[in-house]
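Report on the structure given below.
These values consider heavy atoms only, across backbone and side chains, with no hydrogens, waters or symmetry-generated copies. In what follows, residues are counted from 1 in the order of the sequence shown. Note that the structure is a prediction, hence the values are computed from the model and not measured.
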Amino acid sequence: MERMGIQVLEAGPARVVGTMPVSGNTQPYGLLHGGASVVLAETLGSYGAMLHAGPGRRAVGVEVGASHHRAATAGVVTGTATALHLGGTTAVYEIVVEDSRSRRVCTARLTCLLMDRRAD
């Protein structure tokens with residue numbers, strides 16, 4: 001999160017909101033890197049899944065997919081992860097990433113497996 005400049009603004013099992021700067025997260029043409037959008041999406045969804053899993057459990061991503069709709073070239077993008085399913089063994093989130101003008105940049109979907117922590 002620190003390397004990408006991600007900041008979590010709101011966090012709960014059903015909804016997580018965070019921001020990430022475009023600067024420092026671009027591809028060679030100066031556009032927000034699609035992989036950076038996916039990093040933001042997976043970070044926010046995983047954060048919500050971790051909160052849903054609760055103490056003594058962990059959440060691990062098992063599938064992520066994303067569609068990129070438009071480019072972002074400056075400012076910050078905001079991601080909102082909304083739970084689609086909060087079960088005992090899986091949590092599924094839709095994450096919408098928007099630019100500073102509230103235009104959709106990316107839509108992602110993340111599935112996390114919820115499991116008991118292993119003794120290390």
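By the salt bridge (charged side-chain N to carboxylate O under 4.0 Å, His left out) test, R103 pairs with D99, sequence neighbours left out.
The side chain to side chain donor-acceptor pair (under 3.5 Å) contacts involving residues 27-39 comprise nothing, where partners must be two or more places apart or lie in separate chains. Pairs passing the side chain to side chain donor-acceptor pair (under 3.5 Å) check and including a residue from residues 61-79, sequence neighbours excluded, read H69-T107. The side chain to side chain donor-acceptor pair (under 3.5 Å) analysis of residues 47-62, with sequence neighbours excluded, yields the pairs R57-D116.
Contact of the V60 side chain with the M115 side chain is registered, since non-hydrogen atoms from C-beta on lie closer than 4.5 Å. Between V97 and L40 there is a side-chain heavy-atom pair separated by less than 4.5 Å.
Between N25 atom CG and L32 atom CG the span is 6.5 Å, to the nearest 0.5 Å.
One N or O on the side chain of Y93 and one on the backbone of G48 form a donor-acceptor pair closer than 3.5 Å.
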For residues 1-21, tabulate all N or O donor-acceptor pairs below 3.5 Å that involve a side-chain atom, not counting sequence neighbours.
{"residue": "E10", "atom": "OE2", "partner": "R15", "partner atom": "NE", "Å": "2.8"}

Intermediate values then yes/no, side chain to side chain contact (heavy atoms under 4.5 Å, CB included), R109 and I95: CA-CA 6 Å; R109 182 178 168 116; I95 304 95; over 6 Å; no
CA sep, side-chain torsions, deciding dist, call: V105, E98, side chain to side chain contact (heavy atoms under 4.5 Å, CB included): CA-CA 5 Å; V105 172; E98 296 178 317; 5.6 Å; no
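Checked against V64 for a side-chain contact (heavy atoms from CB on, under 4.5 Å), the options V39, T111, V38 give a single hit: V38.
Closest non-hydrogen pair, V77 versus A72, comes out as CG1-CB, 4.1 Å.
Cluster partners of L114: none. The rule joins Ile, Leu, Val, Met, Phe, Trp and Tyr whenever side-chain heavy atoms lie under 4.5 Å apart, and it links nothing here.
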